[in-house]
Amino acid sequence: MNALLSDWTAEFGLPPFADLKDHDFAPAFDAALAEARENIAAIADSPDTPTFANTIEALELAEGLLDRVSGVFYNLAGADSNDTREALMRDLAPKLSAFSSEVTNNKALFSRIETLWQSRQTLDLTAEQSRVLELYRQMFVRSGANLEGEQAARLTEVKSRLAVLGTQFSQNLLADERDWFMPLTEADLEGLPDFVISAARAAGAEKNQPGPVVTLSRSLIVPFLQFSPRRALRQKAYEAWVARGANGNANDNRAIAAETLALREERAKLLGYQSFADFKLEPEMAKTPEAVRGLLMRVWEPARKKALSDAAILEKMLHADGLSGPLEPWDWRYHSEKRRKAEHDLDEAALKPYLSLNAMLAAQFDCANRLFGLEFHEIEGPFYHPDVRGWEVTRNGIHVAVFLGDYFARGSKRSGAWCSAMRSQKKLGADTRPIVVNVCNFAKGEPCLLSYDDARTLFHEFGHALHQMLSNVTYGFISGTSVARDFVELPSQLYEHWLEVPEVLEKHARHWQTGEPMPADLLKRLLAAGTYDQGFATVEFVASALVDLAFHESPAPADPMQKQAEVLEAIGMPHAIRMRHATPHFAHVFSGDGYSSGYYSYMWSEVMDADAFAAFEETGNAFDPETAKRLETFILSAGGSQPAEALYTQFRGRMPGVEPLLKGRGLLEPV
Ligand SMILES: [Zn+2]
């Protein structure tokens, strides 16, 4: 009995986690693909005149089983992988890519969609239906439905190879991250705060080492770089961190990056675009590479100026410690942390006891309650891993969603933090409520104490979760986070702002042992330090975004590492700062093409989130019910039912400008 194929009868229609067997996935995918093919053939070959119902709505329902099986599998493969799951991912990549090409290459199907599109004025469609029809047609055209013969065949080949390369890139990165660790002696623990020591010990235990180790997990290596006074160890760890995917071993990603870029260019040209960036940006809010570069360069100049003046201060600190030579990338965080303490007297280690995971979860739920009336009740598993926790989300007693939180780093989890839906909201067919997962990589401790940065990540991913949970559309195609890439980070980045509302931390940031609230002056200093080191953060981000953009403008570079060096040289990258993600581990860009020529979109969204939060501030109430209602109506519940610029304008009454972002990052101050 294959649990994946039977009806999911558990409470809330949760997947049968306890009965999931790895060997069931491959046959479940085979069955799901067969069913989807049969459904799609029936639509394409129907003798009936095309209607919205017998074509678009039928397509919406055609892949039900496939959606269900993929929803579970890809969550597990990212959050709790093993050899079987990784092998299956490699097998599935070309199969799924071939299937989706098969659908978009189906001439009979495309002709039905085209017929509907041409007669759309007479079909009496709702606004949502018109939008869904438009997006379906766009998807087919952009996938090559207008191509014939050799060109069509080549496009299919290119896409299938790209899917394989994307999977390989992720797996190489995971392998490099998993294999490397640096043992620490007891003496090496000098200067490290307790939370780093306990995270290093936990990491050592996980790696079956007798003592503590530093790994390449961001939540361990970043605090190590911040606090360890041992420069040689910092350098060793830092160099390993930035070498991920470029170690000259079997996991090297450099050739994969080059091949990926060449194939993307070929794909765009087959479809009639000048470059992959032109192709990729067409459906986005930004629309063109020029608009993206314009935004990035407006931010780059003030950010670089700020970073260089900060670097000069940090270099003086380095020299005051008796060292000579320039400030190096492995020095920045260490001296910056000392400066933070000196100037803001903000000690991360003193802060953390007030930022326990449990306290910050209570804070994120409380904000959602005050803004949107949502309530969260913890429910019992089993879920897919013992560390996972679950909540039922309700409003006025009515079921809204199931929310799962998977917060701790482990070897089987890919790095970073993300939100995904095991099931998305839709009303077509049956009123389907979402199952939404937040995955993070916090160092597991007893108890788990977060840095302020971690707490922001928690709120960020929860903002994405709200976009899924509050979704209220008929068609799954435009549900939740199915919006333009440069719009999708608006809800998440906006939600981070509530962590900065003083009353939120006043209420929730309580010492995990004593229950005492965070001392008022510590809170004040924390909030004042919000713009600290934003020159650094902005520079490492914008540099990555500019390299991403340059990669995808024709011609594709034969040597991406060389191209990366040229871009950094041209913009005057400060010596002591590296890209936030260098090419061989730039998963946003190379693990699939989700954020390719799209990394800028975090900043594009930040322009909007700064402006959107100002809408609350202008009322004098960060929880203003009217503004919250508009946010839900026009953004959080609307999915992709209208173009992003229309949604934003309805929420705010106008489009946003770049000034609130520069102000929010403290980059407008004279340096
Ligand atoms: Zn995000």
Verdict with reasoning, Asp624 to Thr627, per side chain to side chain donor-acceptor pair (under 3.5 Å) | CA-CA 6 Å; Asp624 179 58; Thr627 314; 2.5 Å; yes
How far apart are the C-alpha atoms of Ile635 and Phe487, what are their side-chain angles, what is the distance that settles it, and do they pass the side chain to side chain contact (heavy atoms under 4.5 Å, CB included) test?
-> CA-CA 10 Å; Ile635 294 175; Phe487 189 67; 4.2 Å; yes
Full working for ring-ring contact (aromatic ring centres under 6.0 Å, His included) between Phe541 and Tyr599 | CA-CA 9 Å; Phe541 175 88; Tyr599 192 61; 4.7 Å; yes
Test salt bridge (Lys or Arg N to Asp or Glu O under 4.0 Å) applied to Glu659 and Arg298, step by step | CA-CA 10 Å; Glu659 282 68 26; Arg298 284 191 67 187; 3.1 Å; yes
Apply the test side chain to side chain contact (heavy atoms under 4.5 Å, CB included) to residues Phe651 and Glu632: give CA-CA distance (whole Å), side-chain angles for both, the deciding distance (0.1 Å), then the verdict.
-> CA-CA 9 Å; Phe651 163 66; Glu632 180 175 346; over 6 Å; no
Go through Asn75 and Ser420 one step at a time and tell me if the side chain to side chain donor-acceptor pair (under 3.5 Å) criterion holds.
-> CA-CA 7 Å; Asn75 273 283; Ser420 55; 2.5 Å; yes
Arg218 and Glu177: salt bridge (Lys or Arg N to Asp or Glu O under 4.0 Å), yes or no, with the steps?
-> CA-CA 10 Å; Arg218 188 172 274 269; Glu177 285 172 354; over 6 Å; no
Arg652 and Glu618: salt bridge (Lys or Arg N to Asp or Glu O under 4.0 Å), yes or no, with the steps?
-> CA-CA 12 Å; Arg652 190 65 164 118; Glu618 286 159 15; 2.9 Å; yes
Stepwise side chain to side chain donor-acceptor pair (under 3.5 Å) check, Glu265 with Ser554 | CA-CA 7 Å; Glu265 182 183 18; Ser554 298; 3.1 Å; yes
Please walk me through it: do Ser415 and Asn441 pass side chain to side chain donor-acceptor pair (under 3.5 Å)?
-> CA-CA 7 Å; Ser415 58; Asn441 266 288; 5.9 Å; no
Walk me through it: do Asp454 and Leu355 pass the test side chain to side chain contact (heavy atoms under 4.5 Å, CB included)?
-> CA-CA 9 Å; Asp454 290 338; Leu355 302 178; over 6 Å; no
Could you walk me through whether Val504 and Asp366 pass side chain to side chain contact (heavy atoms under 4.5 Å, CB included), step by step?
-> CA-CA 9 Å; Val504 172; Asp366 188 31; over 6 Å; no
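Here the options are Arg131, Met139, Lys426, the test is side-chain contact (heavy atoms from CB on, under 4.5 Å), and the partner is Phe477; only Met139 passes. Paired with Phe462 under the rule ring pair (Phe, Tyr, Trp, His ring centres under 6.0 Å), one option of Phe376, Phe372, Trp391 passes, and it is Phe376. Of the candidates Glu500, His497, Glu461, Glu500 is the only one forming a side chain to side chain donor-acceptor pair (under 3.5 Å) with Arg456. Checked options Arg142, Arg485, Lys287; the residue passing with Glu282 is Arg142 (criterion: salt bridge (Lys or Arg N to Asp or Glu O under 4.0 Å)).
Side-chain contact between Leu374 and Leu470 is present, with at least one heavy-atom pair separated by less than 4.5 Å. Using a 4.5 Å cut-off on side-chain heavy atoms (C-beta onward), Ser424 and Gln468 make contact. Side-chain contact check for Leu549 versus Tyr600: every heavy-atom pair is 4.5 Å or farther apart. Counting only heavy atoms from C-beta outward, the side chains of Leu404 and Val436 never approach each other to under 4.5 Å. Under the 4.5 Å side-chain criterion, counting only non-hydrogen atoms from C-beta, Leu361 is in contact with Leu458. At least one side-chain heavy atom of Met285 sits less than 4.5 Å from a side-chain heavy atom of Met655. Using a 4.5 Å cut-off on side-chain heavy atoms (C-beta onward), Leu450 and Ser356 make no contact. Residues Asp611 and Tyr648 meet the side-chain proximity criterion, which asks for heavy atoms closer than 4.5 Å.
Note that CG of Leu261 is 9.0 Å distant from OG of Ser596, once rounded to the nearest 0.5 Å.
Using a cutoff of 4.0 Å between basic side-chain nitrogens and carboxylate oxygens, Arg234 and Asp331 are scored as salt-bridged. The existence of a salt bridge linking Arg578 and Glu328 is excluded, since no basic side-chain nitrogen approaches an acidic carboxylate oxygen closer than 4.0 Å. Ionic pairing of Glu503 and Arg370 is present here: one or more N-O contacts between side-chain nitrogen and carboxylate oxygen are shorter than 4.0 angstrom. Salt bridge present: Arg339 and Glu343 bring a charged side-chain N and a carboxylate O closer than 4.0 Å. Classification of Arg389 and Asp406 as a salt-bridged pair fails, no side-chain N sitting under 4.0 Å from a carboxylate O.
For Tyr495 and Phe365, the ring centers sit 6.0 Å or farther from each other. For Trp332 and Phe536, the ring centers are positioned less than 6.0 Å apart. Between Phe227 and Phe224, the gap from one ring centroid to the other reaches at least 6.0 Å. Taking the six-membered ring for Trp and the full ring otherwise, Phe586 and Tyr595 have centroids separated by 6.0 Å or more.
Within a 6.0 Å radius of CZ in Arg525, other residues, nucleotides and ligands contribute more than 12 heavy atoms. Around CD of Gln274, the count of heavy atoms belonging to other residues, nucleotides or ligands within 6.0 Å does not exceed 12.
Defined by atom type and a distance below 3.5 Å, a donor-acceptor pair is present between the side-chain atoms of Gln564 and Thr583. Checking Ser597 against Asp548 by side-chain atom types alone, no donor-acceptor pair falls below 3.5 Å. Side-chain atoms of Thr481 and His467 include no donor-acceptor pair closer than 3.5 Å. For the residue pair Glu553 / Ser275, no side-chain donor-acceptor distance below 3.5 Å is found, with atom types taken as modelled.
Judged by distance alone, the side chain of Ser479 and the main-chain N or O of Gly476 form no donor-acceptor pair under 3.5 Å. Between the side chain of Trp418 and the backbone N or O of Val437, no donor-acceptor pair lies under 3.5 Å. Judged by distance alone, with hydrogens and angles left aside, the side-chain atoms of Glu284 form a donor-acceptor pair with the main-chain N or O of Asp486 at under 3.5 Å. The backbone N or O of Tyr475 sits less than 3.5 Å from a side-chain atom of Glu128, completing a donor-acceptor pair. Checking side-chain atoms of Asn438 against main-chain N and O of Cys419 turns up no donor-acceptor pair under 3.5 Å.
Taking the six-membered ring where tryptophan is involved, the planes of Phe276 and Phe279 are tilted, since the angle between them lies from 30° to 60°. His588 and His581 have tilted rings, their planes meeting at an angle from 30° to 60° on a 0 to 90° scale. Taking the six-membered ring where the residue is Trp, His552 and Phe590 present tilted rings, their angle falling between 30° and 60°.
In plain terms, the two heavy atoms of Val299 and Pro302 that are nearest each other are O-CD, 3.4 Å. The nearest pair of heavy atoms linking Pro289 to Ala277 is CG-CB, 4.0 Å. Considering every non-hydrogen atom in both Asp176 and Gly245, the closest pair reads OD2-N, 2.8 Å.
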